[in-house]
Amino acid sequence: MARCGLDSPLSVVPWAAALLLVLSVERALALPEICIQCPGSVQNLSEVALYCNQTPGLMMHARCCLNWKGTIMGLDLQNCSLKDPGPYFPQAHTAIIMILPQDVNCPGGINAWDTVTFYINSQTCQEQRNLCNSTGDPEMCPENGSCAPDGPGLFQCVCAEGFHGYKCMRQGSFSLLMFFGILGSTTLSISTLLWGTQRRKAKAS
């Protein structure tokens with residue numbers, strides 16, 4: 001029979017499970033700031049709430065519809081007296097559907113969304129357009145990079161495997177050893193120089 005003392009591997013399992021549970025609860029409670037910026041809850045008939053309830057793997061938390069990773073898939077800020085969405089608005093760059101107050105424009109503009117519907121006191125932005133497909137410009141990214149969506153009306157160029165740096169022109173992996181070697185030697189040289197200068201001043205005084 002296996003012993004279950006403090007030194008036994010079996011005794012570690014309950015502690016590990018409890019730790020994972022605590023971490024998952026903390027993660028669940030740590031909502032993005034944009035989700036709790038506006039007090040109150042989302043109405044059950046809201047388009048965001050309907051989308052979230054009808055899509056497997058999504059759940060409403062405050063004003064946001066989140067997936068299991070905590071990524072914002074929907075945002076409902078209607079009935080919020082906002083004229084400026086504030087600094088946390090970019091947290092919702094992954095949203096597929098947004099309901100915003102009348103005075104707040106859809107991020108990226110009307111052309112960044114497939115459907116923009118205007119109501120008396122709000123507007124709905126649905127389905128972000130893929131800027132990489134809509135421009136038709138094959139030279140948006142360098143030869144060794146590819147275009148990837150990065151939010152409404154935005155894109156980024158991702159370097160192909162084996163390339164990095166400015167315009168993905170450097171081939172091979174980024175050398176961490178060389179980087180930290182140069183950084184360490186530079187820091188050591190400056191520290192030695194400063195130490196010598198301070199010591200000389202101390203002797204002179």
Side-chain angles (χ1 to χ4, degrees), residues 23 26-28 30-37 48 55 57-58 61 63-75 77 82-100 103-116 123-198:
L23 291 175
E26 287 181 355
R27 183 178 179 184
L31 292 174
E33 287 82 355
I34 189 67
C35 300
I36 54 177
Q37 179 177 347
V48 173
T55 307
L58 301 183
H61 291 280
R63 292 275 177 170
C64 290
C65 174
L66 306 175
N67 65 9
W68 65 274
K69 292 181 179 179
T71 305
I72 298 176
M73 306 305 294
L75 176 66
L77 295 180
L82 296 176
K83 293 191 176 181
D84 180 6
Y88 302 122
F89 202 37
Q91 293 177 343
H93 75 279
T94 53
I96 295 173
I97 180 171
M98 290 185 181
I99 302 179
L100 304 173
D103 296 330
V104 178
N105 296 324
C106 293
I110 295 176
N111 295 329
W113 300 84
D114 282 340
T115 306
V116 177
Q123 57 183 310
T124 303
C125 324
Q126 288 180 283
E127 298 292 341
Q128 294 185 29
R129 287 183 178 169
N130 188 338
L131 196 62
C132 298
N133 296 336
S134 59
T135 59
D137 184 4
E139 298 183 358
M140 290 176 64
C141 291
E143 181 180 355
N144 301 316
S146 59
C147 182
D150 194 31
L154 301 173
F155 71 93
Q156 62 176 332
C157 293
V158 181
C159 295
E161 188 174 352
F163 292 90
H164 66 279
Y166 177 68
K167 291 189 175 181
C168 305
M169 295 177 67
R170 295 181 179 267
Q171 194 168 3
S173 60
F174 182 75
S175 178
L176 290 174
L177 184 62
M178 180 183 295
F179 172 76
F180 286 113
I182 294 173
L183 181 65
S185 60
T186 304
T187 304
L188 181 62
S189 301
I190 294 174
S191 299
T192 304
L193 179 64
L194 292 174
W195 178 77
T197 305
Q198 291 297 326

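The first residue in the sequence is number 1, and the count goes up from there.
The backbone N or O of Thr187 lies less than 3.5 Å from a partner atom in the side chain of Ser191, making a donor-acceptor pair. Proximity of a side-chain donor or acceptor of Trp195 to a complementary backbone N or O of Ile190 within less than 3.5 Å is not detected. Remark: side-chain polar atoms of Gln91 are paired, donor with acceptor, to backbone N or O of Glu33 under 3.5 angstrom. With Arg129 contributing its side chain and Asn111 its backbone, the two residues share a donor-acceptor pair below 3.5 Å. With hydrogens and angles ignored, the 3.5 Å screen pairs a side-chain donor or acceptor of Thr94 with a backbone N or O of Ile72. Listed for the Gln128 side chain is a donor-acceptor partner under 3.5 Å among the backbone atoms of Ala95. Within the 3.5 Å criterion, the main-chain N or O of Thr71 finds a donor-acceptor partner in the side chain of Asn67.
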Q: Begin from the C-alpha positions of Leu58 and Trp68 and carry the test side chain to side chain contact (heavy atoms under 4.5 Å, CB included) through to its verdict.
A: CA-CA 7 Å; Leu58 301 183; Trp68 65 274; over 6 Å; no

Q) Are Ile97 and Thr124 close enough, and set up right, to give a side chain to side chain contact (heavy atoms under 4.5 Å, CB included), and what steps lead you there? A) CA-CA 7 Å; Ile97 180 171; Thr124 303; 4.1 Å; yes

Q) Between Gln37 and Leu82, does a side chain to side chain contact (heavy atoms under 4.5 Å, CB included) hold up when you go through it step by step? A) CA-CA 10 Å; Gln37 179 177 347; Leu82 296 176; 4.1 Å; yes

Q: Please report the C-alpha distance between Gln123 and Cys106 in whole Å, then the side-chain angles of each, then the deciding distance to 0.1 Å, and finally whether the side chain to side chain contact (heavy atoms under 4.5 Å, CB included) criterion is met.
A: CA-CA 8 Å; Gln123 57 183 310; Cys106 293; 3.8 Å; yes

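Between Cys147 and Cys141, a gap of 2.5 Å or greater is found separating the two SG atoms.
Summarising the geometry of Cys168 relative to Asn144, their closest heavy-atom pair is O-ND2, 3.3 Å, with the distance given to 0.1 Å. Heavy atoms only, all atoms of each residue included: Pro149 and Gln156 are closest at O-NE2, 4.3 Å. Closest approach of Val104 to Asp84, counting heavy atoms only: CG2-N, 4.4 Å. Nearest heavy atom pair, residue Trp113 against residue Ile96, reads CZ3-O, 3.7 Å. Summarising the geometry of Gly165 relative to Arg170, their closest heavy-atom pair is CA-CD, 4.5 Å, with the distance given to 0.1 Å. Taking all atoms of both residues into account, the shortest heavy-atom contact from Pro152 to Pro107 is CB-O, 3.1 Å.
Between Phe89 and Leu75 the shortest side-chain heavy-atom distance falls below 4.5 Å.
Atom CG of Asn105 and atom CG of Leu100 lie 8.5 Å apart (nearest 0.5 Å). The distance from the CE atom of Met73 to the SG atom of Cys64 is 11.5 Å, given to the nearest 0.5 Å. From Met169, atom CE reaches atom CD of Glu143 across 9.5 Å, with rounding to the nearest 0.5 Å. Taken to the nearest 0.5 Å, the CD1 atom of Ile34 stands 5.5 Å off from the CG atom of Leu77. Distance CZ/Phe155 to CG/Asp150: 10.0 Å, rounded to 0.5 Å.
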